[in-house]
Amino acid sequence: LAKMEEKEQTPLQEALSQLIRQLQRKDPSAFFSFPVTDLIAPGYSLIIKRPMDFRTMKEKVKKEQYQSLEELKLDFKVMCENALIYNKPETIYYRSATKLLHSGMKILSKVSWKNLNNIGT
Ligand SMILES: CC(=O)c1cc(-c2ccccn2)c2ncccn12
């Protein structure tokens, strides 16, 4: 399909996209919406080995690169932990990451893979 004609999402992809939308609501400042660049964060790419952000997660859903909810949970945790590694505790990014990690894991612990799998069955 040409880029313009979006492919129909499977029920699973739809559920995962909805989950990411829920998690993004916990990042009102949109600090985690896009990949962190070395431009805004000097030395970032040298310090952070596994960068992750919500846009990348959404792309992975579209490319059906998540085989399980666990893999999405892992990317979410890595995204938050990267911010705790790179940023100093007193920064807004560190504080936002702490809050996002807690609120996000609450959301993710409520979602069971089973009911995600049963969608559309
Ligand atoms: C998530 C993160 O570590 C982050 C996001 C940002 C960010 C994200 C959007 C707009 C401006 N800054 C940022 N800036 C400097 C240092 C770290 N960051």
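Below, each value reflects all heavy atoms present in this structure, side chains not excepted, and no hydrogens, waters or symmetry copies.
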Min side-chain heavy-atom separation V36-I48 under 4.5 Å: no

So do the side chains of L19 and V111 get within less than 4.5 Å of each other, counting heavy atoms only? yes

Drop me the distance from [X]'s [atom1] to [Y]'s [atom2], to the nearest 0.5 angstrom.
X: Y93; Y: C80; atom1: OH; atom2: SG; answer: 15.5 Å
X: S103; Y: K106; atom1: OG; atom2: NZ; answer: 6.5 Å
X: Q9; Y: Q18; atom1: CD; atom2: CD; answer: 11.0 Å

Hey, mind stepping through S17 and K58 against side-chain contact (heavy atoms from CB on, under 4.5 Å) and telling me if it holds? CA-CA 7 Å; S17 303; K58 283 185 270 191; over 6 Å; no

According to a 4.5 Å side-chain heavy-atom criterion applied to Ile, Leu, Val, Met, Phe, Trp and Tyr, with indirect links allowed, do [X] and [Y] form part of one hydrophobic cluster?
X: M79; Y: L74; value: no
X: F32; Y: I40; value: no
X: Y86; Y: F76; value: no
X: L72; Y: L100; value: yes

Counting only N and O atoms by type, is there a donor-acceptor contact under 3.5 Å from the side chain of D38 to the main-chain atoms of S45? yes

Tell me the closest heavy-atom pair linking Y94 and A83, and the distance in Å. CD1-O, 4.2 Å

Please give me the minimum heavy-atom distance between R95 and P89, naming the atom from each residue. CG-O, 4.1 Å

How far apart are the C-alpha atoms of F34 and T56, what are their side-chain angles, what is the distance that settles it, and do they pass the side-chain contact (heavy atoms from CB on, under 4.5 Å) test? CA-CA 7 Å; F34 306 104; T56 305; over 6 Å; no

For a side-chain contact (heavy atoms from CB on, under 4.5 Å) check, start with the C-alpha distance between K26 and L23, then their side-chain angles and the critical distance, and finish with the verdict. CA-CA 5 Å; K26 302 298 182 185; L23 295 168; 5.8 Å; no

Given side-chain contact (heavy atoms from CB on, under 4.5 Å), test Y44 with L39 step by step and report yes or no. CA-CA 9 Å; Y44 194 85; L39 212 62; over 6 Å; no

Does NZ in K88 sit with more than 12 non-hydrogen atoms of other residues, nucleotides or ligands closer than 6.0 Å? no

Taking [X] first and then [Y], would you say they form a salt bridge - that is, a charged N and a carboxylate O separated by under 4.0 Å?
X: E14; Y: R21; result: yes
X: K99; Y: D27; result: no
X: K73; Y: E70; result: yes

